[in-house]
Structures are given as C-alpha cells and as structure tokens.
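Worksheet: one structure, shown below.
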Amino acid sequence: MKLYGGIEAGGTKFVCAVGTGPGDIQAEVRFPTTQPAETIQQAIDFFQAQIAKRGPLAAIGVASFGPLDPHPDSPTFGHITTTPKPGWANADLVGPIQQTFNVPIGFDTDVNGAALSEGKWGAAQSLDTFLYFTIGTGIGGGALVNGRLLHGLLHPEMGHITLPHDWEADPYPGHCPYHGDCFEGMAAGPAIEERWQTKGQDLPPNHPAWELEAHYIALAMRSFICTLSPQRIILGGGVMAQPQLFSLVRQKTLAALNGYVQSPAILDNIETYIVPPGLGNQAGVLGAFALGMMAEADH
Ligand code: ADP
Ligand code: ZN
C-alpha cells in the first residue's frame with residue numbers, strides 16, 4: 001500500500017498525517033498556526049521523521065483555509081491569497097514542501113478536499129456531481145462536477161451567495177464583513193450566536209433558531225440544486241451537529257423547490273439526497289490525502 005502525506009491547514013491549527021486512507025492514519029500531529037515559515041517547517045519536520053521511519057510518500061495533499069490559488073499552471077499556485085490572517089496573505093504554502101519532497105503535491109481548499117474524500121470513501125461514493133458544505137465558523141462549499149473538482153476562475157465561494165432576507169421576520173443584519181446578510185452572514189455559527197445571544201450548542205433543539213437556520217439553508221440549497229444539479233448534497237460542520245436540522249432542511253428544501261425539479265432522488269428520497277458526511281471528524285486529513293492522490297494521478 002502506498003503511503004500518503006496530508007496537511008489540514010486551518011486558520012488556528014495544522015493537522016499533519018501519514019497513512020493510506022480511512023482507518024489507516026498511521027501517525028498524526030497537531031500544532032497551532034503561527035507564522036508561515038515556522039508552521040510550514042513544523043509540517044516538513046514531521047514528514048521527514050515519518051519518511052525516515054516508514055519509507056517514502058507517494059504524494060502529499062494540502063487542504064487549506066483560503067482563499068487560495070489552486071491552479072497548478074499559475075505563478076502563485078500553492079499560495080494563500082487575500083486572508084486577513086496576519087502574516088499569511090500571499091504566503092507560499094506549497095513551495096517549501098515541494099522543494100523539500102520531490103513528490104506530487106495536491107493543493108486545494110479544505111472544503112474541496114473534504115468533498116473529494118466524501119466521494120472517494122464517504123457519503124457520495126459512485127456519484128460524479130455532488131456538493132459538500134461545511135456550516136461552522138464560516139460556510140464553505142465544494143463541488144464535484146462530472147467527477148472533477150469545480151475551480152473555474154479561482155474556486156467557488158458558495159457561502160457568499162445572496163438569500164432573500166425578510167427584515168421584519170429577522171431583523172438581524174448579518175455578520176459577513178463583505179456582504180452583511182449573505183448565506184454565511186446569516187447562517188454560520190457566529191450569526192446564530194450573535195442573533196440569539198447564545199452559542200448554537202447551547203440553544204435547545206426546539207428553539208426557533210433552528211427553524212430559521214433551516215429556512216436559510218433550504219433557500220441556499222434551492223439555488224445550488226437549480227444551478228449545479230447535484231446528485232446529492234452533504235451538509236457538515238459544527239452547526240449541523242444539531243440532528244433535528246436535517247429533517248427541517250429537507251422539508252424546507254422540498255417546499256422551496258415546490259415540485260419543480262422532477263427527480264425521484266429529491267421528490268421521493270430526500271433523506272438520501274441531503275445527508276450528513278460519511279467521514280466524520282477525519283474529513284480534514286482524509287481530504288488532504290485525497291488531494292495528494294489526485295495530484296499523483298494527474299501527474
Ligand atoms: P470550524 O468551522 O471553525 O472548522 P466547526 O465546524 O466546529 O469549526 O464550527 C464551529 C461553529 O459551530 C461555532 O460557531 C459553534 O458555535 C457552532 N457549533 C458547534 N457545535 C454546535 C452544535 N452542537 N450545535 C450548533 N452549533 C454548534
Ligand atoms: Zn459574504
């Protein structure tokens with residue numbers, strides 16, 4: 001079995017691992033995200049120690065916070081682009097790793113990595129067009145379209161779409177620094193916390209927060225179903241840890257579509273159409289492995 005390296009590069013912590021896939025993560029280390037040079041060096045040190053112990057890596061995948069440049073032909077491939085995170089704007093994440101280890105390096109957003117790994121091993125196996133969302137501190141979406149990750153110009157920013165906002169029913173102005181009441185601004189964890197003055201994890205399951213949350217998620221799902229025609233939608237992230245949200249989102253998505261998209265996958269089987277992730281809390285590292293495997297295959 002070939003061994004892969006993975007880096008889940010988050011804004012607060014890095015998780016590095018070596019392994020072959022789900023159930024076979026052979027070593028893992030976590031450390032806080034400080035300055036790029038120091039943090040990347042810690043990742044390199046980990047992989048060097050692992051290679052000395054276990055043998056060579058076939059590829060390394062980096063699933064990162066963004067925005068970032070995922071285009072291998074671009075001069076800034078492997079860089080973070082415009083983050084407000086101090087020290088990280090225009091940071092070259094892939095370069096130092098590429099120079100140290102002469103193996104294919106996959107690099108993409110954390111949500112794209114998670115989407116790819118859900119297709120390979122999780123809740124979207126055998127599908128070629130599906131969406132993965134994380135609804136947590138922010139909202140991000142990754143799309144597999146015809147079997148490939150959708151990039152386009154940069155990468156999609158599905159959390160920042162506009163949703164109808166009934167200011168009377170919900171006077172909360174939203175918290176997105178760029179758009180105010182975009183999807184993320186209205187429905188990410190910090191919006192729930194600010195609107196109700198209570199963290200999502202501390203609101204009871206029958207609180208009206210969840211009807212409203214499901215309302216916004218369902219409006220977003222309608223837009224994405226109508227634009228990308230996914231065969232399935234996976235919803236993950238801290239907010240979706242509220243189990244009652246899934247049935248609310250399913251009902252409201254059906255209501256929002258109003259019978260227009262005539263597919264039994266939606267009309268008769270909504271509970272297998274909008275689903276939780278299959279890979280749970282390993283999604284980050286497995287996403288990185290999956291990006292490494294894709295880079296190796298594309299090499
Ligand atoms: P991140 O997006 O930073 O990777 P998470 O996906 O865990 O992290 O999302 C964190 C957000 O999810 C926080 O805003 C938190 O309040 C919210 N959250 C965490 N657990 C729950 C829960 N059980 N129910 C509702 N919201 C939650
Ligand atoms: Zn926004």
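These figures come from a predicted structure and were not determined experimentally. Remember, it's 1-based here, ligands and their atoms both numbered in the order they're listed.
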Short side-chain to backbone donor-acceptor contact, H155 and P70, under 3.5 Å: no
For the student: nearest non-hydrogen atoms of [X] and [Y], plus distance:
| X | Y | result |
| --- | --- | --- |
| L248 | W210 | CD1-O, 3.8 Å |
| A218 | A256 | O-CB, 4.4 Å |
| H71 | L154 | NE2-O, 3.9 Å |

Neighbouring protein N, O or S atoms of the Zn ion (ligand 2), below 2.8 Å: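 For the Zn ion (ligand 2), the figure is 4.
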Side chain to side chain contact (heavy atoms under 4.5 Å, CB included) assessment of F65 paired with K85: CA-CA 10 Å; F65 71 95; K85 192 172 169 55; 4.1 Å; yes
Check: every ligand 1 N/O to protein N/O pair under 3.5 Å:
{"from": "ligand 1", "atom 1": "2 (O)", "to": "T137", "atom 2": "N", "distance (Å)": "2.9"}
{"from": "ligand 1", "atom 1": "2 (O)", "to": "T137", "atom 2": "OG1", "distance (Å)": "3.3"}
{"from": "ligand 1", "atom 1": "3 (O)", "to": "T137", "atom 2": "OG1", "distance (Å)": "2.6"}
{"from": "ligand 1", "atom 1": "6 (O)", "to": "G238", "atom 2": "N", "distance (Å)": "2.8"}
{"from": "ligand 1", "atom 1": "9 (O)", "to": "T137", "atom 2": "N", "distance (Å)": "3.4"}
{"from": "ligand 1", "atom 1": "16 (O)", "to": "Q201", "atom 2": "OE1", "distance (Å)": "2.7"}
{"from": "ligand 1", "atom 1": "18 (N)", "to": "Q201", "atom 2": "OE1", "distance (Å)": "3.4"}
{"from": "ligand 1", "atom 1": "24 (N)", "to": "Q242", "atom 2": "NE2", "distance (Å)": "2.8"}

E296/K2 ion pair, N-O < 4.0 Å: yes
Transitive ILVMFWY side-chain link L235 to M186, under 4.5 Å: yes
Ring geometry between F183 and F133 (parallel below 30°, tilted from 30 to 60°, perpendicular above 60°):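 Correct class here is perpendicular.
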Ring center gap for W196 and Y172 short of 6.0 angstrom: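 No, ring centres 6.0 Å or more apart.
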